[in-house]
There are 2 protein chains.
Amino acid sequence: MLSLVEENYLKAIYHLSDAGKSAVSTNALADNMNNKAASVTDMIKRLSSKGVISYEKYRGVNISEKGRRAALKVIRKHRLWETFLVEKLNFNWDEVHEVAEQLEHIDSPLLIEKLDSFLGHPKVDPHGHPIPDKDGRIHEVKQVQLSEAKEGTTGILHSVNDGSPKFLQYLSKIGIRIGARIEIVERMEFDGSMEIIIDDKERVFISRQASENLLIRESHEKR
Amino acid sequence: MLSLVEENYLKAIYHLSDAGKSAVSTNALADNMNNKAASVTDMIKRLSSKGVISYEKYRGVNISEKGRRAALKVIRKHRLWETFLVEKLNFNWDEVHEVAEQLEHIDSPLLIEKLDSFLGHPKVDPHGHPIPDKDGRIHEVKQVQLSEAKEGTTGILHSVNDGSPKFLQYLSKIGIRIGARIEIVERMEFDGSMEIIIDDKERVFISRQASENLLIRESHEKR
DNA sequence: ACAATTTTTTAGGCGAACCTAAATTTATAT
DNA sequence: ATATAAATTTAGGTTCGCCTAAAAAATTGT
Ligand SMILES: [Mn+2]
Ligand SMILES: [Mn+2]
Ligand SMILES: [Mn+2]
Ligand SMILES: [Mn+2]
């Protein structure tokens, strides 16, 4: 059994390791968890003794298969709750993350099962992130950063990389939401910003940083 | 700000004091919380220093106005969540308490407000217990223990005193649910058990203990 | 009234999850 | 290759929420 704090560390390790593909350094974790490195060293010893990560002094940590499964359970709960909040309780997509951080730790398999059917077994959360199924399987969709797409391309916004309230509110304000059609009119070479057309209507400029956090599926249909 | 553990103690104090009407002893609390008396003494010092209870050594604790408001907020959340689980997720009334014990500690006023409207501002939870409004007001309904009602009386089941899964499952099994019409046919003087008719159909015997945990509103309509 | 019993508090300890300061190891730069 | 810098671990400390054992206060029985 993992504590709430252990679940949060494990989730951070999962994400920082790019779904278990790389090792995570003590400092990276400390940074992400807003804790000091010494505290992280404490915790990774405990996680290691529980078998959810492997750890060699001074070499960072790697998530184990057992740890990956545990992390995915928490992520599944987080994303199901976010979906519930938006779909059923009319939250805005920028308001759900904080609450889901709490709800993700509720321990009741029956609850999650029933919540999942109540929501109609959703595949993605309000930010376009895939919801792992109950066996931890994720359906990853091929998508590219808007910043990497060519001029003239049109794509459908599939997910956002940065889920911070400020960024999400900005997107809402300029009319960008999941599913929106985005056409790249022109890219400014000197700063990477670009002019885009949203849903064949709004013509706006967005920064390189913004375009890096928008993930699209390219679609060349001309409509 | 109260911790999860502090909230649980405060809720126990509220209930054990009969909504703040009497003092609560250290041992009663220890018993209720499944902790040792020494741990309780620890905790009541902390709660006292936070101003949610008043405490005089060897005299037990009394909940303060501030504490009462805090306890009622937790109780409101508990009962709203139980209602959600039964009404929206199709939980049985005997399955919800444990999960609500976790959900009641989620801290988000917006969530509770939205949950409340999603549920249509319910007045009672699945066990017939009143849901405090957002200002902590409770609408208490006059009700009597079935064990105290006279032979020949008919009443509507309003709430249950004992919310344990075992008791609730027993009630479901013999066809007793909130709103059921209960007619007292005969009371056995030697052990306090009684013969009742449920919804003008089922005729069953129930123990004194069971009848003490059923709260009815008397209604003499003959139907 | 006072001895026995029960209740409550105090004293001292422990694990979880944090911290700061100091020591150690690894990486980098000349 | 060696000095410097950066990353990491160790040592020692704190608070919260629990424990056991012992001491003290309150209650009860005769
Ligand atoms: Mn989120
Ligand atoms: Mn979390
Ligand atoms: Mn309950
Ligand atoms: Mn609780």
Side-chain angles (χ1 to χ4, degrees), chain A residues 1-18 22-63 66-67 70-71 74 101-102 104-107, chain B residues 1-17 22-63 67 70-71 74 101-102 104-107:
Chain A
M1 200 63 296
L2 296 177
S3 74
L4 181 150
V5 174
E6 287 168 340
E7 285 190 347
N8 282 340
Y9 269 89
L10 205 53
K11 200 170 56 126
I13 292 167
Y14 178 84
H15 284 132
L16 291 172
S17 70
D18 191 20
S22 61
V24 179
S25 75
T26 301
N27 270 356
L29 251 179
D31 228 63
N32 190 273
M33 301 293 296
N34 279 109
N35 283 336
K36 301 295 166 174
S39 308
V40 169
T41 302
D42 254 23
M43 177 55 78
I44 62 191
K45 284 175 180 169
R46 250 175 290 153
L47 290 176
S48 177
S49 80
K50 291 197 175 189
V52 290
I53 62 173
S54 62
Y55 165 54
E56 274 180 285
K57 266 195 203 180
Y58 297 101
R59 319 250 114 181
V61 302
N62 286 92
I63 199 163
K66 184 177 170 189
V74 178
E101 280 296 307
Q102 297 181 58
E104 72 187 6
H105 304 289
I106 302 292
D107 178 30
Chain B
M1 203 61 292
L2 296 176
S3 74
L4 183 150
V5 174
E6 287 167 341
E7 284 190 346
N8 282 341
Y9 269 89
L10 205 52
K11 200 169 56 123
I13 292 168
Y14 177 85
H15 284 132
L16 291 173
S17 69
S22 61
V24 180
S25 75
T26 300
N27 268 357
L29 251 179
D31 229 64
N32 190 272
M33 300 294 297
N34 279 110
N35 283 335
K36 301 296 167 170
S39 308
V40 169
T41 302
D42 255 22
M43 177 54 79
I44 61 190
K45 284 176 181 170
R46 251 175 288 155
L47 291 175
S48 178
S49 80
K50 291 197 174 188
V52 291
I53 61 172
S54 62
Y55 165 54
E56 273 180 285
K57 265 194 201 178
Y58 296 102
R59 321 246 118 202
V61 302
N62 285 94
I63 198 163
V74 178
E101 279 297 307
Q102 297 180 61
E104 72 187 6
H105 302 289
I106 302 292
D107 179 29

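So that the names make sense, note that chain A is the first sequence line, chain B the second, and so on, each numbered from 1.
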Donor-acceptor list for residues 43-57 of chain B side chains, cut-off 3.5 Å, not counting sequence neighbours:
residue, atom, partner, partner atom, Å
S49(B), OG, R46(B), O, 2.9
K50(B), NZ, M1(B), O, 3.1
K50(B), NZ, E6(B), OE1, 3.0
K50(B), NZ, E6(B), OE2, 3.2

Q: Test side chain to side chain contact (heavy atoms under 4.5 Å, CB included) on L10(B) and V74(B) and set out the steps.
A: CA-CA 9 Å; L10(B) 205 52; V74(B) 178; over 6 Å; no
Q) dT9(D) P sits how many Å from L29(A) CG, rounded? A) 11 Å
Please output the side-chain donor-acceptor pairs of residues 29-40 of chain A that fall under 3.5 Å, not counting sequence neighbours, one pair per line with the distance.
residue, atom, partner, partner atom, Å
N35(A), ND2, Y9(A), OH, 2.9

Q | N8(A) side, atom CG; H105(A) side, atom NE2 - distance, nearest 0.5 Å | A | 3.5 Å
Q | Atom pair CD1/CD of I106(A) and E101(B) - distance to nearest 0.5 Å | A | 11.0 Å
Q | First and last nucleotide of DNA chain C, 5' to 3', lying under 4.0 Å from heavy atoms of chain A | A | dA16(C) to dT26(C)
Q. If you look at every heavy atom in A70(A) and L2(A), which pair is closest and at what distance?
A. CB-CD1, 3.9 Å
Q. Among all residues two or more places apart in sequence or in another chain, which pass the side chain to side chain contact (heavy atoms under 4.5 Å, CB included) test with A23(A)?
A. N62(A)
Q. Contact class for T41(A) (heavy atom, under 4.0 Å): base, sugar-phosphate, or nothing?
A. base
Sub-3.5 Å pairs of nitrogen or oxygen atoms, protein against nucleotides 22-26 of chain D:
residue, atom, partner, partner atom, Å
dA25(D), O4', Y58(B), OH, 3.4

(Q) Under the rule for salt bridge (charged side-chain N to carboxylate O under 4.0 Å, His left out), what residues qualify as partners of E7(A), not counting sequence neighbours? (A) none
For nucleotides 15-20 of chain D, list the nitrogen or oxygen atoms of the protein found under 3.5 Å from its nitrogen or oxygen atoms, one pair per line.
residue, atom, partner, partner atom, Å
dG17(D), OP1, S3(B), OG, 2.6
dG17(D), OP2, R46(B), NH1, 2.2
dC18(D), N4, D42(B), OD2, 2.9
dC19(D), OP2, K36(B), N, 3.0
dC19(D), OP2, S39(B), OG, 2.4

